[in-house]
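The sequence lines fix the lettering, A, B, ..., with proteins before strands; numbering per chain opens at 1. Everything numeric here is computed off the predicted structure, so don't read it as measured data. Heavy atoms only: backbone and side chains are in, while hydrogens, waters and symmetry mates are out.
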2 protein chains.
Amino acid sequence: MSEEIISLKNAFPNFSNELIEEIVANSSFQSFKAGEVIMRTGQYIKSTILILKGQLKIYREGEDGEEFLMYYLQAGQACAISLICSTKNQTSQITAKVVEDVEAVSIPIALMDKWMMNHRSWYEFVIYTYRTRFEEVLEVVDNIAFRAMDERLEFYLKRHAKACGCKEINLSHQEIALELNTSREVVSRLLKKMEQRGLVNLHRNQIELLM
Amino acid sequence: MSEEIISLKNAFPNFSNELIEEIVANSSFQSFKAGEVIMRTGQYIKSTILILKGQLKIYREGEDGEEFLMYYLQAGQACAISLICSTKNQTSQITAKVVEDVEAVSIPIALMDKWMMNHRSWYEFVIYTYRTRFEEVLEVVDNIAFRAMDERLEFYLKRHAKACGCKEINLSHQEIALELNTSREVVSRLLKKMEQRGLVNLHRNQIELLM
DNA sequence: TTGCCCGTGTGACAAATGTTACTGTGGCTG
DNA sequence: CAGCCACAGTAACATTTGTCACACGGGCAA
């Protein structure tokens, strides 16, 4: 069994063997380096990407280039937007940037419709992806609609810690400010308050979560 | 041909005849009065609803009962959330309230999986619904993430006018404030400014759009 | 070492929004 | 008609957030 099949099986354990064979036969394996933007607002979507390794962040871009984080994607996941847009010749509504070097499988959108009909495990994966991403976006709406910046910052830090699986967050205040669409000073201010409340320890380029 | 079939065909012209027959054979026709809440956050979803007539609004509820409007649903549409949640025994993440008296078809979720496989027109409808609702929610995120209240109010008024198909919006400032999760005073203030800029005429319980 | 850049801390102020309180007005009902 | 209530307008103030200005210190490169 080739290395590619093994990593596909590992990342997508629910896929049937026949589906995996079809994927391997019809799609190309690709790598992306941290910092690369692999999908941009307004771009046409020609393929869907299944992530085998690494991490992506999906965000919405404002008119003046502001970013707004929607969610992270990791091994075993796919971008809901690309699955959705695939049917029509649709342009992307979001931007995807690589956080940690990514290995992925690129699937021509033409095949997806067929698989939906022929492969139960693909169908279930797509529906599951829709549902979880929709819920995640709803949670994002909650946060910005109902919560003030301090709570949003806490939520952001927790989510980030969860995504990277550790309590040390290696981000500058500036980077956090970008993703929350606020300013560095505000982030510094709020982090300082959190430190006083004993929720975090602050270091240069690192925030240590104590919650 | 029964009256029910005719209204189904009118609202969902892309459904195949076989699909319409199956719908009629397997689902129940229901009516709801304006103001009724037909789906609530946390409730289990047992069926999907296709709207034949009237209007619903879908909103997210905050912890203290705040509302936040996501989008409107009208004839020919269905709630994306209920389509998505249907696969698993899933609870609703949103609340649906009737704006104008609604006539609808209620479809047991058990059938939907089957139809996805057997009816091309159903499959396309579901995918289309996912996509458009997802985009709509992304637009909502844009608005609250990147825009100030004055722009959001303008957007809200335009969207409302579009949904009801007229330039006269019969809502109190209080109702608008609820949907934008702000206070009546703020809405009054901003509307007054819009009136001075010549964008609206204000009347009791009515806002006349001039854009 | 010196100088520089980046990340951070912080004070002062501006702007937007939320809150409180009070006024007026139109229409409905007893 | 009188009283009441929902809706709207508005002033004054509090709070939150954004912006500007500047200071400090660590680490790296010339």
Side-chain angles (χ1 to χ4, degrees), chain A residues 35 62-69 140-157 160 168-209, chain B residues 34-35 62-69 141-157 160 168-209:
Chain A
E63 282 168 10
D64 310 329
E66 310 102 303
E67 299 185 3
F68 194 90
L69 179 69
V140 167
V141 170
D142 269 15
N143 275 308
I144 37 181
F146 299 133
R147 306 199 197 297
M149 197 52 85
D150 54 350
E151 280 185 277
R152 286 174 52 200
L153 178 59
E154 271 194 49
F155 182 83
Y156 172 84
L157 293 176
H160 201 279
E168 289 78 39
I169 296 164
N170 297 303
L171 289 172
S172 72
H173 298 183
Q174 180 62 65
E175 288 171 300
I176 297 172
L178 250 178
E179 305 213 320
L180 293 173
N181 195 43
T182 178
S183 68
R184 187 211 36 103
E185 293 89 330
V186 172
V187 172
S188 290
R189 205 149 62 193
L190 294 175
L191 280 174
K192 210 66 202 169
K193 277 188 201 161
M194 287 178 67
E195 192 178 37
Q196 284 159 14
R197 288 195 290 147
L199 300 176
V200 292
N201 282 334
L202 299 179
H203 313 283
R204 191 185 177 82
N205 257 321
Q206 188 183 82
I207 298 162
E208 189 186 335
L209 264 193
Chain B
E63 282 168 9
D64 310 329
E66 312 101 302
E67 300 184 3
F68 194 90
L69 178 69
V141 170
D142 268 15
N143 275 309
I144 38 181
F146 299 133
R147 308 202 197 294
M149 196 53 86
D150 53 350
E151 280 186 276
R152 287 174 51 199
L153 179 59
E154 272 195 50
F155 182 83
Y156 172 85
L157 293 176
H160 202 278
E168 288 79 38
I169 297 165
N170 297 303
L171 289 172
S172 71
H173 297 183
Q174 181 61 67
E175 288 171 298
I176 297 173
L178 250 179
E179 305 213 320
L180 292 174
N181 194 46
T182 178
S183 69
R184 182 198 56 87
E185 293 87 334
V186 172
V187 172
S188 290
R189 203 149 61 193
L190 295 175
L191 281 173
K192 211 67 202 168
K193 278 187 200 162
M194 287 178 68
E195 192 177 37
Q196 284 158 12
R197 288 195 290 148
L199 300 177
V200 293
N201 281 335
L202 300 179
H203 313 282
R204 191 184 177 83
N205 257 322
Q206 189 184 81
I207 298 163
E208 188 186 334
L209 263 194

- Item | Separation of dT17(C) C1' from R152(B) CZ (nearest whole Å) | 11 Å
- Does the distance from a Lys or Arg side-chain N to an Asp or Glu carboxylate O, for E179(A) and R152(A), drop under 4.0 Å? no
- Message: So which atom in L191(B) and which in V200(B) form the shortest heavy-atom distance, rounded to 0.1 Å?
- Response: O-CG2, 4.0 Å
- To the nearest Å, how far apart are K193(B) NZ and dT10(D) C1'? 13 Å
- Would you indicate, yes or no, if dG18(D) has its OP1 or OP2 atom less than 4.0 angstrom from a side-chain nitrogen or oxygen of T182(A)? yes
- Query: Between dT17(C), dA8(D), dT20(C), which nucleotide gets closest to the side-chain atoms of V186(B)?
  - Reply: dT17(C)
- Item | Base of dG9(C) paired with side chain of R184(A) (donor-acceptor, under 3.5 Å) | yes
- Task: For K192(A) and dG7(C), give me the distance from atom NZ to atom C1', rounded to whole Å.
- Result: 13 Å
- Interatomic distance, L190(A) CG vs dT15(D) C1' [rounded to whole Å]: 13 Å
- Does any non-hydrogen side-chain atom of D64(B) lie less than 4.5 Å from one of F146(A)? no
- Query: Any donor-acceptor pair under 3.5 Å between the side chain of R189(A) and the base of dG18(D)?
  - Reply: yes
- Is the distance from OP1 or OP2 of dA8(D) to the nearest side-chain N or O of H203(B) less than 4.0 Å? no
- Query: How do R204(A) and S183(B) order along DNA chain C: which one's closest nucleotide is nearer the 5' end?
  - Reply: R204(A)
- How close or far is atom P of dG7(C) from atom CG of L191(A), stated in whole angstroms? 15 Å
- Query: Within the structure shown, what part of the strands sits under 4.0 Å from N205(B) by heavy-atom distance: base, sugar-phosphate, or nothing?
  - Reply: sugar-phosphate
- Task: Using atom CG of L202(A) as one end and atom P of dT10(C) as the other, report the distance to the nearest whole Å.
- Result: 10 Å
- Item | Nucleotide dG18(D), atom P - distance to CG of L178(A) in whole Å | 13 Å
- Item | Residues E154(A), R197(A): salt bridge by 4.0 Å N-O rule | yes
- Note on the structure: Comparing nearest nucleotides in DNA chain D, the 5'-proximal residue of the pair E195(B), A148(A) is E195(B)
- Message: Just so I know, are the side chains of I207(B) and L171(B) near enough to count as touching, which here means a heavy-atom distance under 4.5 Å?
- Response: no
- Query: Do Q174(A) and dC6(C) have a side chain to base donor-acceptor pair shorter than 3.5 Å?
  - Reply: no
- Task: Take atom CD of E185(B) and atom C1' of dC13(D), then tell me their distance rounded to the nearest Å.
- Result: 13 Å
- When you measure from the side chain of H173(B), which nucleotide among dG18(D), dG9(D), dT10(C) comes out closest? dG9(D)
- Note on the structure: On DNA chain C, more 5' by nearest nucleotide between S188(A) and D150(B) is S188(A)
